[in-house]
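Presented below is the structure to which this report refers.
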There are 2 protein chains.
Amino acid sequence: MDDKPANGRSGWKQNPAGVQKNILAVAMTEFAANGLSGARMDEIAAKTNTSKRMIYYYFGDKVGLYGRVLEEAYRQVRTGEQELELDHLSPVEALKLLAEFTFDHHSRHPDFIRIVMIENIHQGVYLEQSELIRLLNAGAIQKLEAICRRGREAGIFRDDVAPIELHWHISAMSFFNVSNRATFSRIFGNELFGAEGQNSLKNHLVEMIVALALKPDRRSRR
Amino acid sequence: MDDKPANGRSGWKQNPAGVQKNILAVAMTEFAANGLSGARMDEIAAKTNTSKRMIYYYFGDKVGLYGRVLEEAYRQVRTGEQELELDHLSPVEALKLLAEFTFDHHSRHPDFIRIVMIENIHQGVYLEQSELIRLLNAGAIQKLEAICRRGREAGIFRDDVAPIELHWHISAMSFFNVSNRATFSRIFGNELFGAEGQNSLKNHLVEMIVALALKPDRRSRR
DNA sequence: TAGCAAATTAACCGTTTCGTACAAAGTTGT
DNA sequence: ACAACTTTGTACGAAACGGTTAATTTGCTA
């Protein structure tokens, strides 16, 4: 019937980077969908192009794999953020664009949101163990610091609103929009999650953030 | 040494309601801490005053227990919310108080927040199965609807901001403040989570919400 | 007070699940 | 050619884990 050797092992290429990338991609989906405890190593293995043995070969154990997935999730979104160019805009326009971008960016990366939710359930203990994530996040707030500095130098931004607070507010609304969509929509309906609803929320977010940053006498009453 | 009969089965009282309450309380803590998959039935049983068998006797299986915990969590916070009395206040003052209250209320109920996070990880499928939760939540937005109606009738609130949107914004910031505290503080430090930081966030939330609800020409420039 | 359903206890069971052992072989750089 | 690294495949062990069986006590009520 078949004349290939008893084992089907001939004719493969070595590709460590590709194998790891494939495992990480599958694992991220599985962890995002089921959590750390809920994800199944056998299930992850089955969905990769490789075998369970290779997961343990490269990542040690389940927690090791989860840690790498966490790093990879942060790496992906932070990298995407860095491409945003704001220096050529006025402080207000830059702030608007940053808020809008963050809202959309989070919306485009639901798996990242879910991984962060899961990590928060675990009190952030795995995040803390990662040097890489601390480095990645160090730069996450620099754009906002630059905007605030410019806004203050121009005399139009308040002094008593810190960049970290603006970041907190922007993150809260952008994150919640994805993280709590399931329960919110099941309780209150879907109207906020269609195209118009999302646009309205985003516009309000921008409006609120700008109003918060500006000195009262600089706020337009448009 | 001891003269009790060989089995320790004598001398107990029947207390169905108390036993169930005890199980639910323990289970809520465990599910909040470890998630649905992460929580262990043996661990829950060990921390109750009763036995594992009783859990299955009253709640059927793990998912049944989780569903009841979910209901109980919603019941507790929604009941607390209902005690807030707003009708005697002006629309603006009522809105301020509601926002402040929500911020503090969420802060006081971290286990509820965590249960809702977990339920969102599971896409809200268990929430959907609960008639009770739908009933509880139906009233959750009525206070805001009343405030908005009064504000519009007085001519000071905008027409293009719906109650549900205000609710969304208030919830987002109040929820995120608890849900993402672990990762946020590990990345950016603890400064926002001390007494002063929390107060500042809360004040900004109130400020932003009021500004969003009011017509532009009604916003003070204080 | 006998009977019976509800409540409770303790020990047990079968499956799932993580991780490993074992055996073998192809690939790649030096 | 050689050695280290990478990949395949299967089977399996030990512990964890969800759930059950069987027997006993309590308390209501006829």
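Throughout, protein chains are lettered first and strands after them, A, B, ... in sequence-line order, and every chain is numbered starting at 1. Just so you know, these numbers come straight off a predicted model, no measurement behind them.
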Starting at [atom1] of [X] and ending at [atom2] of [N], how long is that distance when rounded to a whole Å?
| X | N | atom1 | atom2 | value |
| --- | --- | --- | --- | --- |
| B:Y58 | C:dA6 | OH | P | 11 Å |
| A:E43 | C:dT16 | CD | P | 13 Å |
| B:Y66 | D:dC17 | OH | C1' | 19 Å |
| A:I55 | D:dT7 | CD1 | P | 13 Å |
| B:N49 | C:dT8 | CG | P | 11 Å |
| A:I23 | D:dT6 | CD1 | C1' | 12 Å |
| A:M54 | D:dT10 | CE | P | 16 Å |

Checklist line | Which atom of B:S107 lies closest to which atom of B:R181, heavy atoms considered | finding: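 Heavy-atom minimum between the residues: OG-NH2, 4.1 Å.
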Next item on the list: Grab the two heavy atoms, one from B:C148 and one from B:L166, that are nearest each other, plus how far apart they are.
Entry: SG-CD1, 3.7 Å
Next item on the list: Just jot down the ring pair (Phe, Tyr, Trp, His ring centres under 6.0 Å) partners of B:Y66, sequence neighbours excluded, or say none.
Entry: B:F31, B:Y126
Checklist line | Distance-only donor-acceptor check, side chains B:T183 and A:N120, under 3.5 Å | finding: yes
Check: Which residue, A:R53, A:K47, A:K62, A:K52, forms the salt bridge (charged side-chain N to carboxylate O under 4.0 Å, His left out) with A:D42?
Finding: A:K52
Notebook entry, point to check: Does some side-chain heavy atom of A:I44 sit less than 4.5 Å from a side-chain heavy atom of A:T29?
Noted result: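 The answer is no; the side chains never approach within 4.5 Å.
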Notebook entry, point to check: Looking only at side-chain N and O atoms, does B:Y57 come under 4.0 Å of OP1 or OP2 in C:dT8?
Noted result: no
Notebook entry, point to check: Can you tell me if the side-chain N/O atoms of A:T50 get under 4.0 Å from OP1 or OP2 in D:dT8?
Noted result: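 Answer yes for this pair, as a side-chain N or O of A:T50 is under 4.0 Å from OP1 or OP2.
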Could you list all N or O pairs between the protein and nucleotides 18-22 of chain C that sit under 3.5 Å apart?
{"from": "C:dC18", "atom 1": "OP1", "to": "A:A39", "atom 2": "O", "distance (Å)": "3.3"}
{"from": "C:dC18", "atom 1": "OP1", "to": "A:R40", "atom 2": "NH1", "distance (Å)": "3.3"}
{"from": "C:dC18", "atom 1": "OP1", "to": "A:M41", "atom 2": "N", "distance (Å)": "3.4"}
{"from": "C:dC18", "atom 1": "OP1", "to": "A:K62", "atom 2": "NZ", "distance (Å)": "3.4"}
{"from": "C:dC18", "atom 1": "OP2", "to": "A:M41", "atom 2": "N", "distance (Å)": "3.2"}
{"from": "C:dG19", "atom 1": "OP2", "to": "A:Y56", "atom 2": "OH", "distance (Å)": "3.3"}
{"from": "C:dG19", "atom 1": "OP2", "to": "A:K62", "atom 2": "N", "distance (Å)": "2.9"}
{"from": "C:dG19", "atom 1": "N7", "to": "A:K52", "atom 2": "NZ", "distance (Å)": "2.9"}
{"from": "C:dG19", "atom 1": "O6", "to": "A:K52", "atom 2": "NZ", "distance (Å)": "3.0"}

